[in-house]
Structures are given as C-alpha cells and as structure tokens.
Amino acid sequence: MGRTLALLVWLCLSVPAWSHDIYEVACCAGRDCKPIAASDVTPTKKGWLVRTTGEIISYNTWPLKRSPDGQFHRCAAFNDFGPKGRTKCLYVPDMGE
C-alpha cells in the first residue's frame, strides 16, 4: 500500500502543469481562456483593441493581466470567442515597459 501511494504522489508531482494553470479563477476558472495570436490584439491610445470583438481593454484595469508565458491569452464569457463574445480577461506579455 505504501509503495502504491508513493508512486501515485510521484506521478502527480511529475506531471507538467496544464496550460490553463496560468489563468486566474476570477477570469475563467480554466474553462473559458485560450492563447491567441499577437495579431488578434492591437495597442491603441486607450488600451488593447481586441480585433475580433472591437472591444478596447483599457490599460491599468482589472481585466488586463500580465502574461506569465510571454504570449497573449483571452478569456471570453461563456467560451464565446466570436465577434459577439465579451472579453473577461486579456493576458498580455511584458512589452518592455
């Protein structure tokens, strides 16, 4: 029994983290977020323009998050990444600021 438990613990600790582990629970609980191409967002004077929806996510606001992996990620309400979807969180890489 002890060896089985030790093996189970070792397997759990050795499995790489899932990609959704970077997303905050308040944004999507790991269900409504995915990586997006850098071309899907554009910096503007007012904030990041989400090209698919036309939304502008203002700089220094809660929905804007720093991406820990250097890639863009978008969390969309109800997993709707189409033109009518609403962005809950936008993870952006450090742009050298």
Side-chain angles (χ1 to χ4, degrees):
M1 179 69 175
R3 287 184 183 177
T4 303
L5 182 57
L7 178 62
L8 181 60
V9 169
W10 178 80
L11 285 172
C12 289
L13 294 176
S14 65
V15 173
W18 298 100
S19 61
H20 66 267
D21 288 348
I22 66 169
Y23 306 126
E24 295 180 21
V25 173
C27 289
C28 67
R31 292 186 304 263
D32 300 324
C33 297
K34 69 177 188 177
I36 59 172
S39 60
D40 289 347
V41 292
T42 304
T44 70
K45 288 183 180 182
K46 294 183 179 183
W48 289 97
L49 169 65
V50 179
R51 297 174 69 87
T52 303
T53 63
E55 298 169 286
I56 293 182
I57 308 299
S58 298
Y59 300 119
N60 300 319
T61 60
W62 183 85
L64 195 61
K65 307 288 183 187
R66 180 160 293 178
S67 175
D69 69 355
Q71 304 297 316
F72 287 91
H73 300 263
R74 181 173 168 237
C75 302
F78 306 109
N79 206 26
D80 183 355
F81 289 93
K84 294 184 180 183
R86 182 179 64 85
T87 300
K88 292 180 70 176
C89 291
L90 183 65
Y91 288 81
V92 298
D94 183 6
M95 304 304 283
E97 298 167 14

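As a basis for the values below, the full set of heavy atoms in this structure was taken, side chains included, without hydrogen atoms, waters or symmetry mates.
Tyr23 approaches Tyr91 most closely through the heavy-atom pair CA-OH, 3.3 Å.
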Listing, residues 82-89 side-chain donor-acceptor contacts under 3.5 Å, not counting sequence neighbours, or none:
unit_1: Thr87; atom_1: OG1; unit_2: Glu55; atom_2: OE1; d: 2.6
unit_1: Thr87; atom_1: OG1; unit_2: Arg74; atom_2: NE; d: 2.7
unit_1: Thr87; atom_1: OG1; unit_2: Arg74; atom_2: NH2; d: 3.3
unit_1: Lys88; atom_1: NZ; unit_2: Cys27; atom_2: O; d: 3.4

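With rounding to the nearest 0.5 angstrom, the CZ atom of Phe81 is 11.5 Å from the OG1 atom of Thr53. One finds the CG atom of Leu90 at 9.5 Å from the OG atom of Ser67 (value rounded to the nearest 0.5 Å).
Within the hydrophobic cluster formed by Ile, Leu, Val, Met, Phe, Trp and Tyr side chains joined at under 4.5 Å, directly or through other members, Leu49 is accompanied by Ile56. As a member of the Ile/Leu/Val/Met/Phe/Trp/Tyr network built from side-chain separations under 4.5 Å, Trp62 groups with nothing else and remains a singleton.
Scored by the side-chain hydrogen bond (donor to acceptor under 3.5 Å, both in side chains) test, Asp80 finds no partners at all (sequence neighbours excluded). For Lys65, the salt bridge (charged side-chain N to carboxylate O under 4.0 Å, His left out) test picks out Glu24, with sequence neighbours left out.
With respect to Val92, the side-chain contact (heavy atoms from CB on, under 4.5 Å) criterion is satisfied by exactly one of Val41, Leu64, Ile57: Leu64.
No side-chain heavy atom of Pro35 sits under 4.5 Å from any side-chain heavy atom of Phe72.
Residue pairs meeting the side chain to side chain donor-acceptor pair (under 3.5 Å) criterion with at least one member in residues 35-47, sequence neighbours excluded: Thr42-Arg51.
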